[in-house]
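Please read the structure below before turning to the comments.
All values derive from a computational prediction rather than experimental measurement.
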Amino acid sequence: MVNGAGGRPGSGATGGDRSPFPEGGLRHDALFYADDRDYRAAVQEFVEAGRAAGEPVLVAVPTDRLRLVRPLLDPLDGVELADMAVIGRNPATIVAATLRSLVHRFPGRRVRVVGESLWPARRPAAYRHCVEHEAIINLGLADQPLTARCLFDRSRLPAGTLGDVARTHPWLVSGGVARPSVDYRSPMAVLRRLARPLPPPPGGTLTEPVRPDGLATLRAAVAAVAEAAGLAAERVDDLRIAVTELASNALSHGTGPAVARCWAAAGELVCEVSGPGELADPLAGRIPPPVGSVRGRGLLLVHRLCDLVDVHVAAGVTTVRLRLELPAARVPAPRSAPDAAQGGFVRRAPL
């Protein structure tokens, strides 16, 4: 039996026999489950293998799965349990706030995570962001001593999920054995495939220029749209902060005049800042900057404050579009939402 994706998966381009990750680095695989029995067995096998190896283990599953896996974990030590609906509400925050944080908490040790970031009840708008997240794991954590197993419902997830999973996971697990995914593709290839144009804003959208002396006016304008749409007061504060960060980034890094837009539609409050300049780093906002750096945290904060964030670059123009659910968010505001290093677990046992 192969636990935690041992061996060598296919390459990012052709599905050959060369691992895309360094020895001792990331091991990233996927397991499709059929029912609750499959789910429990997958979690239990992964956890027990981690305990046998003396590795810290995190189980991160959505709210309705907590009751299913908690009885399996209570007798065990060295295991942490987290609600993925909280720590992964915005999939773009999982790498920095949970996976990377867990690795850094146990220097010199391999750690392992079994989780479900894309589950059937997730709103459809999050699907592409979950696929991006799986690709970013391969790009941003390639050299980290992390074993990550991702669970997917093979019968209830959208059509096409199997192909996206095979392209973003070097290993596919079946019958307790991890086999190379011949369809695995490099993270950049996956991200390019997902980089589709954003739908245009609707008519009547609030439009404000981004100017150094106009940030207070911009904050007030987007807050008025949000309040009229019914966004909760604390979320309006999050929106003000996020829009300020985007506008400041446009002023600092852009190469020309930028514009901000804000509107409410389809159960979401949407704001964007668009202007000339190219955000070329796919890890921007996904991985914290080096310790001591005075820059590079603005987009990271925006991801933490918002439910979803789209970044689109085309023809020399970068657009960052943030989205907050209406009415109030279904889980605690991300500004105060706990992560893997700040107590975001429903139960914790000594490691």
Side chain [X], main chain [Y], donor-acceptor under 3.5 Å:
X      : Y      : value
Thr161 : Pro158 : yes
Asp307 : Glu325 : yes
Arg40  : Asp38  : no
Thr93  : Arg304 : no

Acceptor/donor pairs from residues 195-210 side chains to any protein atom, 3.5 angstrom cut, sequence neighbours excluded:
unit_1	atom_1	unit_2	atom_2	d
Thr205	OG1	Pro202	O	2.5
Thr207	OG1	Thr205	O	3.3

Would you mind reporting whether [Y] and [X] have side-chain heavy atoms less than 4.5 Å apart?
X      : Y      : value
Cys150 : Leu31  : no
Ser174 : Arg179 : yes
Asn138 : Ser186 : no
Pro56  : Glu80  : no
Leu194 : Arg128 : yes
Val59  : Val43  : yes
Thr319 : Val311 : no

Same cluster for [X] and [Y] if Ile/Leu/Val/Met/Phe/Trp/Tyr side chains link at under 4.5 Å?
X      : Y      : value
Leu191 : Tyr127 : no
Trp263 : Leu322 : no
Trp119 : Val165 : no
Leu269 : Val302 : yes
Val47  : Tyr33  : yes

Rounded to the nearest 0.5 Å, what separates atom [atom1] in [X] from atom [atom2] in [Y]?
X      : Y      : atom1 : atom2 : value
Leu102 : Arg109 : CG    : CZ    : 10.0 Å
Ile241 : Leu239 : CD1   : CG    : 9.5 Å
Thr318 : His312 : OG1   : NE2   : 9.5 Å
Leu72  : Glu48  : CG    : CD    : 9.0 Å
Leu81  : Leu58  : CG    : CG    : 8.0 Å

### Message
Would Ser117 and Glu134 count as a side chain to side chain donor-acceptor pair (under 3.5 Å) here? Give the steps.
### Response
CA-CA 9 Å; Ser117 64; Glu134 298 295 344; 3.2 Å; yes

### Query
Under the ring pair (Phe, Tyr, Trp, His ring centres under 6.0 Å) test, which residues partner Phe152, sequence neighbours left out?
Phe32, His169

### Query
Within 45° of the ring axis of Phe21 and under 6.0 Å from its six-membered ring centre, is that where the NZ or CZ of Arg27 lies?
no

### Task
Compute both the distance and the angle, then confirm whether Arg167 meets the cation-pi test with Tyr184: under 6.0 Å from the six-membered ring centre, within 45 degrees of the axis.
no

Closest heavy-atom pair and its distance - [X], [Y]:
X      : Y      : result
Ile94  : Gly88  : CG1-CA, 3.7 Å
Pro22  : Asp143 : CG-CA, 3.8 Å
Ala250 : Val273 : CB-CG1, 3.9 Å
Cys130 : Pro91  : SG-CG, 3.8 Å
Leu157 : Pro120 : CD2-N, 3.8 Å
Ala242 : Cys306 : CB-SG, 3.9 Å

### Query
Applying the side-chain contact (heavy atoms from CB on, under 4.5 Å) test to Leu141, which of Val103, Leu146, Ile136 qualifies?
Leu146

Does any donor atom in the side chain of [X] or [Y] lie under 3.5 Å from an acceptor atom in the other side chain?
X      : Y      : value
Asn90  : His129 : no
Glu278 : Thr255 : no
Arg219 : Thr244 : yes

Are the charged groups of [X] and [Y] less than 4.0 angstrom apart, N to O?
X      : Y      : result
Arg149 : Glu116 : no
Asp83  : Arg65  : no
Arg211 : Asp213 : yes

Please identify each residue that fulfils salt bridge (charged side-chain N to carboxylate O under 4.0 Å, His left out) with [X], with sequence neighbours left out.
X      : result
Arg323 : Glu268, Asp310
Arg156 : Asp153
Arg110 : none

### Task
Would you list the pairs meeting salt bridge (Lys or Arg N to Asp or Glu O under 4.0 Å) in which at least one residue belongs to residues 242-261, sequence neighbours left out?
Arg261-Glu272

### Task
Tell me, with the steps shown, if Cys271 and Arg321 meet side-chain contact (heavy atoms from CB on, under 4.5 Å).
CA-CA 6 Å; Cys271 283; Arg321 179 177 292 182; over 6 Å; no

### Task
Give the intermediate values and the outcome of side-chain contact (heavy atoms from CB on, under 4.5 Å) for residues Leu246 and Leu299.
CA-CA 7 Å; Leu246 294 185; Leu299 193 54; 4.2 Å; yes

### Task
Give the C-alpha distance, both sets of side-chain angles, the deciding distance and a yes or no for salt bridge (Lys or Arg N to Asp or Glu O under 4.0 Å) between Asp164 and Arg193.
CA-CA 11 Å; Asp164 285 328; Arg193 175 177 170 269; 3.0 Å; yes

### Task
Report the C-alpha distance between Val113 and Val57 in whole Å, list the side-chain angles of each, state the deciding distance to 0.1 Å, and finish with yes or no for side-chain contact (heavy atoms from CB on, under 4.5 Å).
CA-CA 6 Å; Val113 176; Val57 181; over 6 Å; no

